[in-house]
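Report on one structure; see the data block that follows.
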Number of protein chains: 2
Amino acid sequence: MAFKAKIKVTLRPSILDVQGKAAQHALENLGYSSVESIRIGKYMEVTIGEESRAEAERVCNEICQKLLSNPIMEDFSFELEPVN
Amino acid sequence: MAFKAKIKVTLRPSILDVQGKAAQHALENLGYSSVESIRIGKYMEVTIGEESRAEAERVCNEICQKLLSNPIMEDFSFELEPVN
């Protein structure tokens, strides 16, 4: 059995999002003055072949902490859904 | 009134995800053999100050097409939720 994890990694609110600011300024220059803020993060879809949801959740938490996010600057959250 | 758009930008399925492959190999080397695939995209939170949901949706579609995604290689989807 497998689970698909849909993971969002976002910069912590206290961290300046330089990429987001650049996108916001570009949008202002294009005339989109109603855009008040942009924060840019990562979105990942990971297929995890484990028998139980609990085991897939454990693996997903570990890989997010160890590789897919930087816990000093970023937060992560995910949803798991069964595949097949 | 304002709306928060939660936007996911993903590589089209036919496009090779080099960054995802690299992450998958790194996880294999760390011993996570149950990870079968990883696709890496972007996640953005954009605050749009418009009076109506329809108008916010129009702006969000436009900025995704023009700046926040590359329509040749990427797909996007978003959810809107009212702020205050």
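Worth knowing before you read on, the calculation uses all heavy atoms, side chains too, and leaves out hydrogens, waters and symmetry mates. Naming: A, B, ... by sequence-line order, numbering from 1 per chain. Keep in mind that what you see is a predicted model, and the values were worked out from it rather than measured.
- Around atom CD of B:Glu62, more than 12 heavy atoms belonging to other residues, nucleotides or ligands sit under 6.0 Å away.
- With a 4.5 angstrom heavy-atom cutoff, A:Ala2 touches chain B only via side-chain atoms.
- With rounding to the nearest 0.5 Å, the separation of CD in A:Gln24 from OG1 in B:Thr47 is 9.0 Å.
- Residues B:Lys42 and A:Tyr43 share a closest heavy-atom pair of O-CB, 3.5 Å.
- Within 6.0 Å of CD in B:Gln19 there are 12 or fewer heavy atoms belonging to other residues, nucleotides or ligands.
- Tested against A:Ser34 for a side chain to side chain contact (heavy atoms under 4.5 Å, CB included), the candidates B:Glu50, B:Glu55, B:Glu51 yield a single pass: B:Glu50.
- With a 4.5 angstrom heavy-atom cutoff, A:Ser33 does not touch chain B via any of its atoms.
- Both A:Leu80 and A:Met1 belong to a common hydrophobic cluster when Ile, Leu, Val, Met, Phe, Trp and Tyr are linked at side-chain heavy-atom distances under 4.5 angstrom.
- By the 6.0 Å contact criterion, CD on B:Glu36 is enclosed, its count of non-hydrogen atoms from other residues, nucleotides or ligands being greater than 12.
- A:Val18 forms part of a hydrophobic cluster together with A:Leu16, judged by ILVMFWY side-chain heavy-atom separations under 4.5 Å.
- In this structure, CD1 on A:Ile38 lies 7.5 Å from CD1 on B:Ile7, to the nearest 0.5 angstrom.
- When heavy atoms are compared at a cutoff of 4.5 Å, A:Leu67 approaches chain B solely by way of its side chain, counted from C-beta outward.
- In the hydrophobic clustering of ILVMFWY residues, with side-chain heavy atoms under 4.5 Å counting as a link, B:Val46 and B:Val83 come out apart.
- No other option in A:Ser37, A:Ala26, A:Ala56 has as many heavy-atom pairs under 4.5 Å with chain B as A:Ser37.
- Within the 4.5 angstrom heavy-atom criterion, no atom of A:Lys4 approaches chain B.
- Note on B:Phe78 and A:Met44: separate hydrophobic clusters, where clusters join Ile, Leu, Val, Met, Phe, Trp and Tyr whose side-chain heavy atoms are under 4.5 Å apart, directly or indirectly.
- Side chains of A:Ile63 and B:Val35 form a contact here, defined as non-hydrogen atoms less than 4.5 Å apart.
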